[in-house]
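These numbers were taken from a predicted model, which means no experiment stands behind them.
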Amino acid sequence: MLEQDLASIMRFLTEKSGSPAPYYNNVPEQFRIPAVYFPRPEIGSSGDTLNTYALDFSLFVKFFHRTKEDAYELGYTALNALLERRNRIPLIDECGKPTGKYIRIRDPTLRAVDESAVQLQIDWTARKPFADAPETMMQTYEIETQIKRSYDAAKAEQEVLYGIQ
């Protein structure tokens with residue numbers, strides 16, 4: 001679920017970067033710093049398997065601080081926390097408790113985007129089942145066959161002589 005994935009990522013990054021003030025929708029003009037901003041992710045889609053489709057997410061998280069160096073330190077701390085955990089973010093439930101499952105992300109990137117901001121890009125793929133209407137499964141089956149055999153007298157004689165079955 002998208003909201004569960006996002007909530008898990010937001011919590012992880014906020015905790016691992018030193019708990020800056022989180023912003024989710026719009027950053028107000030007068031915002032507290034240090035801050036982290038979580039916009040809505042960009043989403044692409046594709047077929048995945050015969051039973052699933054894939055949603056490819058790109059989340060561009062911005063870290064703000066008084067200087068570029070301080071903002072970089074926040075972003076770098078979050079980036080390092082992701083890499084130390086082999087690009088796995090613990091999935092949380094609706095109560096905020098770990099489920100024991102993880103979101104696997106692709107290698108993140110960190111870049112400066114302003115004098116006092118850096119951007120951490122996080123990409124991941126979520127696989128979802130198709131919404132198929134339930135179908136009645138096959139209940140019985142019948143198989144009809146016809147077997148044709150040709151009889152080779154020479155072959156039968158060898159089988160008798162040499163004990164071949």
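At distances below 3.5 Å, not a single donor-acceptor pair connects side-chain atoms of Ser58 with backbone N or O atoms of Asp123. Checking side-chain atoms of Arg86 against main-chain N and O of Arg104 turns up no donor-acceptor pair under 3.5 Å.
The two residues Ala35 and Arg32 come nearest to each other via the heavy atoms CB-O, 3.1 Å.
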Quiz prompt | Residue pair Trp124, Asp56: steps toward the side-chain contact (heavy atoms from CB on, under 4.5 Å) verdict | solution = CA-CA 6 Å; Trp124 76 99; Asp56 296 312; over 6 Å; no
Practice problem: Determine, step by step, whether Ile103 and Ser8 satisfy the side-chain contact (heavy atoms from CB on, under 4.5 Å) criterion, reporting the C-alpha distance in whole Å, the side-chain angles of both residues, the deciding distance to 0.1 Å, and the verdict. | Solution: CA-CA 8 Å; Ile103 302 165; Ser8 301; 3.9 Å; yes
Practice problem: Kindly determine whether Asp93 and Thr99 satisfy side chain to side chain donor-acceptor pair (under 3.5 Å), including the steps that lead there. | Solution: CA-CA 6 Å; Asp93 63 16; Thr99 63; over 6 Å; no
Quiz item: Given the rule in the ring-ring contact (aromatic ring centres under 6.0 Å, His included) test, do Phe130 and Tyr53 qualify, once you have shown the distances and angles that lead to the verdict?
Solution: CA-CA 7 Å; Phe130 289 121; Tyr53 62 95; 5.8 Å; yes
Quiz item: Can Arg111 and Gln121 be said to form a side-chain contact (heavy atoms from CB on, under 4.5 Å), step by step?
Solution: CA-CA 9 Å; Arg111 63 179 57 88; Gln121 181 177 344; 3.5 Å; yes
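Separating the CD1 atom in Ile33 from the CZ atom in Phe63 is a distance of 14.5 Å, to the nearest 0.5 Å. Atom CG of Leu74 sits about 11.5 Å away from atom CG of Leu13, to the nearest 0.5 Å. A distance of 11.5 Å separates CG of Asp5 from CD1 of Ile105, quoted to the nearest 0.5 Å. For the atom pair CG (Leu120) and CZ (Phe60), the distance works out to 10.5 Å, reported to the nearest 0.5 Å. One finds the OG atom of Ser116 at 10.0 Å from the CG atom of Asp70 (value rounded to the nearest 0.5 Å). Leu91 contributes atom CG, which lies 4.0 Å from atom CD of Gln4 (distance to the nearest 0.5 angstrom).
Placement of Tyr102 and Ile92 in two distinct hydrophobic clusters is found when ILVMFWY residues are connected by side-chain heavy-atom separations under 4.5 Å, directly or transitively. Under a hydrophobic clustering in which Ile, Leu, Val, Met, Phe, Trp and Tyr are joined whenever their side-chain heavy atoms come within less than 4.5 Å, directly or via other members, Leu59 and Tyr76 fall into the same cluster. Hydrophobic clustering keeps Val113 apart from Tyr37 (ILVMFWY residues linked when any side-chain heavy atoms are closer than 4.5 Å, directly or through intermediates).
A side-chain hydrogen bond (donor to acceptor under 3.5 Å, both in side chains) check over residues 12-21, counting only residues at least two apart or in different chains, returns the pairs Arg11-Glu15.
Using a 4.5 Å heavy-atom cutoff, the side chains of Asp107 and Asn87 are in contact. Contact check for Lys128 versus Leu55: side-chain heavy atoms found under the 4.5 Å cut-off. In this structure, Leu6 and Phe57 have side chains that are not in contact, with every pair of non-hydrogen atoms separated by 4.5 Å or more. With contacts defined as side-chain heavy-atom distances shorter than 4.5 Å, the pair Tyr24/Met10 qualifies. At least one side-chain heavy atom of Ile122 sits under 4.5 Å from a side-chain heavy atom of Leu82. Contact of the Val118 side chain with the Phe64 side chain is not registered, since no non-hydrogen atoms from C-beta on lie closer than 4.5 Å.
Using the six-membered ring where Trp is involved, Phe31 and Tyr23 have ring planes that are perpendicular, over 60° apart on the 30 and 60° scheme.
Using a 4.0 Å cut-off between a side-chain N of Lys or Arg and a carboxylate O of Asp or Glu, Arg66 and Glu73 do not qualify as a salt bridge.
The closest side-chain donor-acceptor pair between Arg106 and Thr125 falls under 3.5 angstrom.
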